[in-house]
Amino acid sequence: MENPYLAHRKESKENPYTGKSYTENYFKILEKREQLPVFQYKKDLLEALRNNQVTLLVGETGSGKTTQVPQFFVEELKPHLKNKMIVCTQPRRVAAMSVAKRVAEEMDVEFGREVGYTIRFDDFTTNNKTFLKYSTDGMLLREAMFDPLLTKYSCIILDETHERTCATDILMGLIKEIIPRRPDLRVLVMSATLDTERFLKYFEGSPLIKVPGRTFPVEILYSEKPELDYVDAAIRTVLQIHMKEDPGDILLFLTGEEEIEDVCRKLSFRGNEMVDYPILKPIPLYSSLPPNEQQRIFCDPPKPREPGKPPGRKVIVSTNIAETSLTIDGIVYVIDPGFCKQKIYNPRNRVESLQVTPISQASAEQRAGRAGRTRPGKCYRLYTKESYDTHLTKQTPPEMLRTNLTTVVLQLYRIGVANICKFHFMEPPAPETMMRALEILNYMGALDDEGDLTELGKMMSDFPVDPQLAKVLISSSKYKCVSQMLSIVSMLSIQNPFLRPADKKKEADRARQAFADVCGDHFLLLNVYDTYVKNQFDAKRWCRENFLNPRAMASAVRIREQLEKIMKRFKFEISELSPLQKEFQNNIQKSLISGFFMQVACTNKSTGKYEIIKENEKVDLHLSTCLQSKPTWVVFNEYIQTTTASIRTVTEISNYKWLLEIAPAYYDLDTLPAGAARDYFIKEKYENKPKAKKQKRHK
DNA sequence: GAGCACTGC
């Protein structure tokens, strides 16, 4: 039977999108495209698209769905003739970038014109020309804040929806609301083969098309009995594979940087002892590694010990980054101890924390799949089959259920969702988490007592940072330190820029201490930023000497530029205080309090320990703090729970009366629970200022 | 004495 696409190829050698003749490269790629599994389903897909507003596509890795399906839709919908666009979302920037480039090549058009991408800091699209756009899910969500009906698009394709990022979850709910109001809109929801029923139920009545993937079989091997120490078991398994199995690289999943570096050291030590076996080369992989070191995972395996002997073996020891974000070809053996670090939110004390938790079955399948990308492989699960069946959950809970919802709620308000509590989430968050978010936004002045979005709240939603940080920026104008707060907020928005190589911990700590400030860590961040900017002409060398991550610093500069633009759009003056002015320390502290009044701790007079206000949770200052003394009152950026509880990035509050001035509703004595803070305030009210008000109660 | 999974705007 003749493929309609081939027929098209025969009769026309002219590219309908550019008017130019197709290049040879086009036909070469076309042959390969036609062999992708998804190609067989083109007819079905287009038929579903014609007859339904929403279609579901389930496809495994290697099916070609991300690159091909948007092209099918372009042919069918002809957005270029109607001045509309097709958008395809991705949870990660790199994916949006690389797929867009690939598809432009496949379509034989100039990248950035007909086909392009939009991510936070880069927009490679052309007005009135681009008709197929790849975009991060967060970016499309931001567009929805300014254009809630997403009128630019005739077709929206949501990809990787099984990952259930917050942005994708909100977009799905939003699309359900938009659809009746946009009868012309076509939507395709693409996911891996997980939880298909949930999607079918959510998009009731939509057709489902299943596309097989193209991967190799992976043999699953379980432990016979539970392992007491998964790190130890992992090392043993690596060595056994190395001794007994055929050549082929190993991928080992662990939970964090320290664990990974530790295991790499042990593996290379043990490998060196095994002189009768080929060389064993451990390679660490986690996101904060510099790009050139991440590239090491793609290097060739080590040479044989002697000419003619078998080659060595790479062992990539990785966090979850290798589960979704990075694909490594040539992996034959996967070792899965069954754990990862996950963010967990506790609405009771409003604390987000990272905890080592068992992975889900879906995650275990994903990990195993990494062994079968180029040839048949094996996956060693360091837990029993019984444990897999009974202890592991089917799916990892979506991000929406593990996070603080203030940002989500503010975004929904901004988009204009009529009733947030009735918004149709695929998995609605706990009412308590929702109430917490509403309460926090009300304290911050983003919502009024009627529960409506205020002007301040609307303004806050324009900033691509957490609501607290947005609030801090806006109030900094009142305290005449906008410039300084822009720098501090940018530094708080990036990943930890302080490097601490295992063999140079002391030097690194010393370098950091050089930026210390008596007021605390927020001021230290300001010093780091300012000094970086002064040395930007020689940034790389300067960062190396000061143990700072140059990528993180560069991104702080870009974030600051973006935030400054938004401040200027609101006509805020970019005011600046001189460090010599006496208001300098006070006003920066006051700005911080305006957003972080809920993240304040004070020392308990009898124990000397810090307690978080209202929750009365006992905490220590994090080891990294530059504070030498223990100020009575502090404001902090993060609460971390590991073996101990600590607060990180901490600055002194010189005068606790500012709390009452800046956040009177939160510090209302009528509702403030008993605790160290209340004791201070009571003392203030009844002892220090006996005549300030008519005494309601006698002492 | 002991620290930061991964994304995204």
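Just so we're on the same page: letters track the sequence lines, and every chain starts at 1. Side-chain atoms are counted along with the backbone in the values below, which use heavy atoms only and exclude waters and symmetry mates. Computed from a predicted structure; not experimentally measured.
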Within the structure shown, what part of the strands sits under 4.0 Å from [X] by heavy-atom distance: base, sugar-phosphate, or nothing?
X	result
A/L141	nothing
A/R648	base
A/R92	sugar-phosphate
A/Y286	sugar-phosphate
A/T136	sugar-phosphate
A/L623	base
A/N320	nothing

The residue, A/S624 or A/V465, whose nearest nucleotide of DNA chain B is more 5′ is A/S624
A/P464 or A/G256, whichever maps to the more 5' nucleotide of DNA chain B: A/G256
Determine yes or no for a side-chain-to-main-chain donor-acceptor pair under 3.5 angstrom, with A/T319 supplying the side chain and A/I321 the backbone. yes
Check: A/N604 side chain, A/G608 main-chain N or O, donor-acceptor pair, under 3.5 Å: no
Would you say the side chain of A/V650 lies within less than 4.5 Å of the side chain of A/I647, judging by non-hydrogen atoms? yes
Going by the salt bridge (charged side-chain N to carboxylate O under 4.0 Å, His left out) test, which pairs reach into residues 356-370 of chain A, not counting sequence neighbours? A/E323-A/R367, A/D336-A/R367, A/E365-A/R381
May I have all residue pairs that pass side chain to side chain donor-acceptor pair (under 3.5 Å) and include part of residues 165-178 of chain A, sequence neighbours excluded? A/D137-A/T165, A/D137-A/T168, A/R164-A/D169, A/T165-A/T168, A/K176-A/H424
A/F121 six-ring centre to A/R93 NZ/CZ under 6.0 Å and within 45° of normal: no
Of all nucleotides in DNA chain B with an atom under 4.0 Å from a non-hydrogen atom of chain A, which is the first and which the last going 5' to 3'? B/dG1 to B/dC9
